[in-house]
Amino acid sequence: MNKFKLKTLFSFFIVILALTSCENFIETDLANKSIHVLSPIDNYVSPNFSITFWWNKVEGAEGYELQIVRPNFAIIQQLVLDTTIISNQFSYSLHPGVYQWRIKAKNSTSSTNYQVYNLSIDSSLNLANQSVITILPTDNSYSNTY
């Protein structure tokens, strides 16, 4: 094979490699997409302190930013939660009161607009319907220490 054909062939492989590698760096633009929230619905009033936030996955999203404030984003008295989640579900316990929460999908280059929802936790002190979220001990752990 002569030198010209070898250089041409080498250049062709470099171009193919560069084009194929670029696919890994091009991310989906999320600006025109939105999140479809499944739970809790807007203006939901819950007798339970533990709430599961759940939404449909957004194609191209690497994570979701979830924020919860009291009483709302116009007048924030308390930032309750500001976290990034990889999955499309998140459980959190809230004290009785009025909250507003929002969620957006994001990747390293773009994000959706926030979806904003209102939520109230019933202030009755009836604990019959409450779930306790344990931190320790973890499931299936054994110990001889009390």
- Message: Quick check: is Leu119 connected to Phe90 through a chain of hydrophobic side chains (ILVMFWY, heavy atoms under 4.5 Å apart)?
- Response: yes

- Task: Take Gln115 and Trp55 through the side chain to side chain contact (heavy atoms under 4.5 Å, CB included) test and state the conclusion after the steps.
- Result: CA-CA 11 Å; Gln115 302 286 332; Trp55 54 90; over 6 Å; no

- Any side-chain heavy atom of Val58 sitting closer than 4.5 Å to one from His36? no

- Query: For residues Arg70 and Gln77, is any side-chain donor paired with an opposing acceptor at under 3.5 Å?
  - Reply: no

- If two hydrophobic side chains count as joined below 4.5 Å and joins carry through other members, does Leu38 share a cluster with Tyr99? no

- Query: Is the shortest heavy-atom distance from the side chain of Tyr92 to the side chain of Leu81 under 4.5 Å?
  - Reply: yes

- Looking just at side-chain N and O atoms, do Ser91 and Thr52 make a donor-acceptor pair shorter than 3.5 Å? yes

- Validation row: Val98, Ser120 side chains within 4.5 angstrom (heavy atoms): yes

- Item | Leu94 and Trp101, any side-chain heavy atoms less than 4.5 Å apart | no

- Item | Common cluster, Ile41/Leu66, ILVMFWY with side-chain heavy-atom separation under 4.5 Å | yes

- Which heavy atom of Asp122 sits nearest a heavy atom of Pro96, and at what distance? O-CB, 3.7 Å

- Task: Return the set of residues passing side chain to side chain donor-acceptor pair (under 3.5 Å) with Asn113 (not counting sequence neighbours), or none when no residue passes.
- Result: none

- Note on the structure: side chain to side chain contact (heavy atoms under 4.5 Å, CB included) with Val37: of Ile103, Asp42, Asn56, only one passes, and it is Ile103

- Message: Test side chain to side chain contact (heavy atoms under 4.5 Å, CB included) on Lys106 and Thr84; report intermediate values, then the result.
- Response: CA-CA 9 Å; Lys106 62 183 189 174; Thr84 300; 3.4 Å; yes

- Does the side chain to side chain contact (heavy atoms under 4.5 Å, CB included) test come out yes or no for Ser46 and Ile121, once each step is laid out? CA-CA 5 Å; Ser46 176; Ile121 304 299; 4.2 Å; yes

